[in-house]
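One structure is given below, encoded as structure tokens.
Chain letters run A, B, ... following the sequence lines, proteins first and then strands; every chain starts at 1. Note that the coordinates shown come from a computational prediction; the quantities given were computed from them, not determined experimentally. Below, each value reflects all heavy atoms present in this structure, side chains not excepted, and no hydrogens, waters or symmetry copies.
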There are 2 protein chains.
Amino acid sequence: MPAPLISRDEVVERLLTVFQRLGYDGASLAELSRGTGLGKSSLYHYFPNGKEEMALAVLRRAHAWIEQVVVAELEGQGSPKERLERMLRALDSFYAGGKNACVLGNLVVGGARQLYQRQLRSAFSTWVEGLESLALDAGISRRTARERAEDVVLQVQGALVLSGGLDDPTPFRRMLRKVPKEFLAPE
Amino acid sequence: MPAPLISRDEVVERLLTVFQRLGYDGASLAELSRGTGLGKSSLYHYFPNGKEEMALAVLRRAHAWIEQVVVAELEGQGSPKERLERMLRALDSFYAGGKNACVLGNLVVGGARQLYQRQLRSAFSTWVEGLESLALDAGISRRTARERAEDVVLQVQGALVLSGGLDDPTPFRRMLRKVPKEFLAPE
DNA sequence: TGCAAAGTAAACTGATCGGTACAACAAGCC
DNA sequence: GGCTTGTTGTACCGATCAGTTTACTTTGCA
């Protein structure tokens, strides 16, 4: 039966939630089919190269989201503090207050790592560089800026792992409050 | 053929490296067999409940390692600073300077998460509580101690994810230098 | 020397894996 | 109404999945 039902973007979005929840190896075609509401033939219609292409589309989507939401907030209007806090609010909503995992973090595991190392590095780099620019805007020195930018991404990822491991979103929420203080502190 | 060849502990140790590398879903019996050098029948001799029991044994081993190495270093001789740095050196060696992943972090992903939530929480808690005790020893106030303890674990996990994603151990190494300063800073 | 137990290899099971073939279907255009 | 194009369900493929069975070999012990 025809009539798109849902757009390709919507399909990728739903695929993302499955990979986010189960990682690459854990996301079977059956789960990807359930998660999208599409049969396997439809998935292969959108992604002729199968699961590998689905994960690639998801990584491209994640990268685009980092550019168009995360970095965009960092480059938006207002003081560095306001911009950083807008980014953190976007993360808070995307990660559901620490209850969701990070699709990038989950794709660093297992078979996906070698397969997507380039894309993963690129996505993390974009994120770090956006934060680095913000730090420079805030008057932080060049080398400190890079370190603080990496620290933010590092702490977001660590908070998601720890909150996942403890099954308690508290560390994630505390991290959200702590990051702005450290990031913008005088050197 | 009989004659243990390798001890059960040695088997668990080798299983750990496979789960550490591939996660739960990515660690097939074929890989677990290759990684241990044992045939499937031998693995099922040691672990009648199969992969689920293997991962459980690995988590027990990881928990024991946290108690007997990580926490033991924290409770050992010397100043809080020295003890913390001994723990970090143990982590540095275990994670191969940031090139290895954390088996706990990798088992938070996918099918393993629900299966082992209790064990994961317990392992992370033991680690955090060991650090909290050290902070109290160092004269840090009760509530700050808990936060700083969580921060250390959070930063170790985050550094491993970021170093994995960037395929560059630099963030992990920088984290090792940064943690002692923050952890023992005056309040 | 004999024998139970520990350990192992190889061949096997049914289920699920990722992936394919194909026919049926609806919408847009003529 | 035909025709093309895009989309879908169903049935299927070989490979691999986790797990089992069986028969064998070696060891420790009596």
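- Distance, B:Leu32 CG to D:dC17 P: 10 Å, rounded to whole Å.
- Under the 3.5 Å distance criterion, with hydrogens and angles disregarded, a donor-acceptor pair is assigned to the side chains of A:Thr170 and A:Asp168.
- The side chain of A:Ser28 approaches C:dG18 more closely than any other nucleotide in the set D:dT8, D:dG19, C:dG18.
- If you chain together hydrophobic residues whose side chains sit under 4.5 Å apart, A:Val71 and A:Leu136 never meet in one group.
- A donor-acceptor pair is defined here as one N or O able to donate and one able to accept, closer than 3.5 Å; no such pair exists between the side chain of B:Gln20 and the backbone of B:Asn100.
- Protein atom CZ of B:Phe47 is 13 Å distant from nucleotide atom P of D:dG19, rounded to whole Å.
- Side-chain proximity of A:Ala30 to the nucleotides C:dC17, C:dG18, D:dG9 is greatest for C:dC17.
- Comparing the local axis fitted to the first five base pairs of the helix from C:dT1-D:dA30 to C:dC30-D:dG1 with the one fitted to its last five gives a bend of 10°, rounded to 10°.
- Following rounding to the nearest Å, A:Asp25 (CG) and D:dC17 (C1') show an atom-to-atom distance of 13 Å.
- Nucleotide C:dG18 holds its P atom 14 Å from the CZ atom of A:Arg34, rounded to whole Å.
- Residue A:Tyr46 contributes atom OH, which lies 12 Å from atom P of D:dG6 at whole-angstrom precision.
- If you check every strand for non-hydrogen atoms under 4.0 Å, A:Ser41 touches a base.
- At least one donor-acceptor pair under 3.5 Å links the side chain of B:Tyr116 to the backbone N or O of B:Glu52.
- One atom, NE2 of B:His45, and another, P of D:dA23, lie 19 Å apart when rounded to the nearest Å.
- Side chain of A:Lys51 to main chain of A:Tyr24: a donor-acceptor pair is present (N/O by atom type, distance under 3.5 Å, no hydrogens or angles).
- No side-chain donor-acceptor contact under 3.5 Å links B:Glu73 to the backbone of B:Leu84.
- Remark: B:Ser42 is not in phosphate contact with C:dG7, judged by side-chain N or O atoms under 4.0 Å from OP1 or OP2.
- Between B:Leu38 atom CG and C:dA9 atom C1' the separation is 11 Å, expressed in whole Å.
- Each of B:Gly39 and A:Ala27 was assigned the nucleotide of DNA chain C with the nearest heavy atom; the assignment lying further toward the 5' end belongs to B:Gly39.
- Atom OH of B:Tyr44 and atom P of C:dA6 are 20 Å apart (whole Å).
- Side-chain N or O atoms of A:Thr144 include none that pairs as donor or acceptor with a backbone N or O of A:Ile140 at under 3.5 Å.
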